[in-house]
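The next block holds one structure in the form of structure tokens; read it before the comments.
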Amino acid sequence: LAASVDKIKDAVMTVNGYTNGQLASTGTAFVYKKDDKYGYLLTNNHVIANMNEIKVINTNEETAEAKVLGGDQYLDLAVLRIDLKYVHQIAKTSTSEKVKVGDTVFAIGTPMGNDYKGSVTSGILSGRDRTVSVATSSYNSNDWVMQVLQIDASLNPGNSGGPLANINGEVIGICSMKLVDDEIEGMGFAIPIEYALGHVDSLENGKKIEWPVLG
């Protein structure tokens, strides 16, 4: 996998969220595009939600102030913008639809804090079109159902928002969550990249995404 990791590793950055000057959240993001002035990163919304300040650290140990352009709690996606000088690689995206169950995949992220940034874990695509109930408010324990990819590559706190890549080093998903229980091992989940990119224009422009509600 080493050659494939090289195609994407410098596009992956650590995300640190601060509240009142104190580090309150750590996650991962990756650069998916750039223009003449800025680089644009995708991450999970839960990594940056309710943070007063967001900073990202690239593989050259450079720290950049990041602006949150938009985010959505139901998508669990957010778009960040940083100065172009901090961008050294752009991740190439593909589609999860081309990956078959049993194909090799790998994740890059920042598990358990900054000391372990750039960690690579690998596994296979264990399943597709999985539905996982998650909580988006303090009032309902499971008020939203996400459709995700299932993987057995190791994910830990801090991997959230990092890329899930295929054997060619192309992003096919965004690592989002895992099942945690003494009886469970190796059940992680990622948002399909085509689903994320279908909403990225709205997030880049800070548009509120309207969702239908039952009841």
Side-chain angles (χ1 to χ4, degrees), residues 4-95 107-110 114 117-120 158-166 168-176 190-210:
S4 297
V5 171
D6 285 341
K7 295 178 181 179
I8 189 175
K9 67 179 183 180
D10 289 330
V12 182
M13 301 190 186
T14 299
V15 180
N16 289 328
Y18 296 84
T19 300
N20 300 322
Q22 299 296 315
L23 180 63
S25 174
T26 297
T28 309
F30 64 93
V31 181
Y32 67 93
K33 79 170 192 178
K34 68 176 182 178
D35 58 25
D36 292 338
K37 295 178 62 178
Y38 302 109
Y40 298 83
L41 295 83
L42 270 169
T43 188
N44 284 147
N45 187 71
H46 74 258
V47 172
I48 56 86
N50 303 315
M51 298 294 125
N52 301 133
E53 184 181 20
I54 305 295
K55 295 181 179 181
V56 299
I57 306 171
N58 64 19
T59 52
N60 285 359
E61 301 294 336
E62 299 168 315
T63 300
E65 297 280 348
K67 179 178 181 179
V68 179
L69 297 183
D72 185 87
Q73 64 175 338
Y74 295 107
L75 294 172
D76 197 18
L77 294 171
V79 171
L80 310 179
R81 188 180 73 186
I82 61 174
D83 286 343
L84 183 61
K85 65 181 180 180
Y86 298 106
V87 175
H88 301 299
Q89 192 175 41
I90 299 172
K92 183 178 180 181
T93 59
S94 181
T95 173
I108 304 180
T110 308
N114 296 328
K117 60 180 175 289
S119 293
V120 179
N159 274 112
S160 294
L164 177 72
N166 62 19
N168 297 317
E170 301 164 327
V171 180
I172 61 164
I174 300 172
C175 300
S176 183
I191 301 167
I193 190 62
E194 60 271 18
Y195 182 66
L197 294 179
H199 296 279
V200 76
D201 287 343
S202 296
L203 297 177
E204 284 179 10
N205 292 291
K207 294 181 179 178
K208 179 177 174 59
I209 298 175
E210 300 292 344

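All values below come from the heavy atoms of this structure, side chains included, with hydrogens, waters and symmetry mates left out.
Two residues are said to be in side-chain contact when any heavy atoms from C-beta on lie closer than 4.5 Å; M13 and L80 fail this criterion. Between R81 and E204 there is no side-chain heavy-atom pair separated by less than 4.5 Å. By the 4.5 Å heavy-atom criterion applied to side chains, F30 and V171 are counted as neighbours.
Proximity of a side-chain donor or acceptor of S202 to a complementary backbone N or O of K207 within less than 3.5 Å is not detected. D76 places a side-chain N or O within 3.5 Å of a backbone atom of N45 that can act as its donor or acceptor partner. Distance alone, capped at 3.5 Å, is enough to place a donor-acceptor pair between the Q89 side chain and the K7 backbone. Judged by distance alone, with hydrogens and angles left aside, the side-chain atoms of D83 form no donor-acceptor pair with the main-chain N or O of K85 at under 3.5 Å. A donor-acceptor pair under 3.5 Å is formed between the side chain of T43 and the backbone N or O of T28. N52 places no side-chain N or O within donor-acceptor distance of the main-chain N or O of T19, the cut-off being under 3.5 Å.
Counting heavy-atom neighbours within 6.0 Å of N50 CG, excluding the residue itself, gives a total of 12 or less.
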Taking it one step at a time, do Y40 and D35 satisfy side-chain hydrogen bond (donor to acceptor under 3.5 Å, both in side chains)? CA-CA 8 Å; Y40 298 83; D35 58 25; 2.6 Å; yes
Determine, stepwise, if the pair L164 / I191 fulfils side-chain contact (heavy atoms from CB on, under 4.5 Å). CA-CA 9 Å; L164 177 72; I191 301 167; over 6 Å; no
Check step by step if side-chain contact (heavy atoms from CB on, under 4.5 Å) holds for N168 and S94. CA-CA 10 Å; N168 297 317; S94 181; over 6 Å; no
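The two residues G169 and I8 have their closest heavy-atom pair at O-CB, 4.0 Å. When every heavy atom of I172 is checked against every heavy atom of E194, the shortest pair comes out as O-OE1, 4.5 Å. Counting all heavy atoms, side chain and backbone alike, M51 lies closest to G17 at SD-C, 3.5 Å. Y195 and L75 make their closest contact through OH-CD2, 3.4 Å (heavy atoms, listed as atom of the first residue, atom of the second, distance). Taking each heavy atom of V15 and A29 in turn, the nearest pair found is CG2-CB, 3.5 Å. The heavy-atom pair separating P163 from V12 by the smallest distance is CG-CG2, 3.7 Å.
Rounded to the nearest 0.5 Å, atoms CG (L41) and CD1 (I90) are 10.0 Å apart. In this structure, OG in S160 is found 11.0 Å from CD1 in I174, a value given to the nearest 0.5 Å. For the atom pair S176 OG and N44 CG, the distance stands at 4.0 Å (nearest 0.5 Å). Going from atom OG1 of T93 over to atom CG of L42 covers 9.5 Å, rounded to the nearest 0.5 Å. Put simply, CD1 on I48 and CG on L77 are 10.5 Å apart, with the number rounded to the nearest 0.5 Å. Separating the CG atom in L84 from the OH atom in Y38 is a distance of 10.5 Å, to the nearest 0.5 Å.
Side-chain atoms of N60 and H88 include a donor-acceptor pair closer than 3.5 Å.
Of the residues listed (I108, T14, T59), the one engaging K117 in a side chain to side chain contact (heavy atoms under 4.5 Å, CB included) is T14, and it is the only one. Here the options are I57, V56, N58, the test is side chain to side chain contact (heavy atoms under 4.5 Å, CB included), and the partner is T63; only I57 passes.
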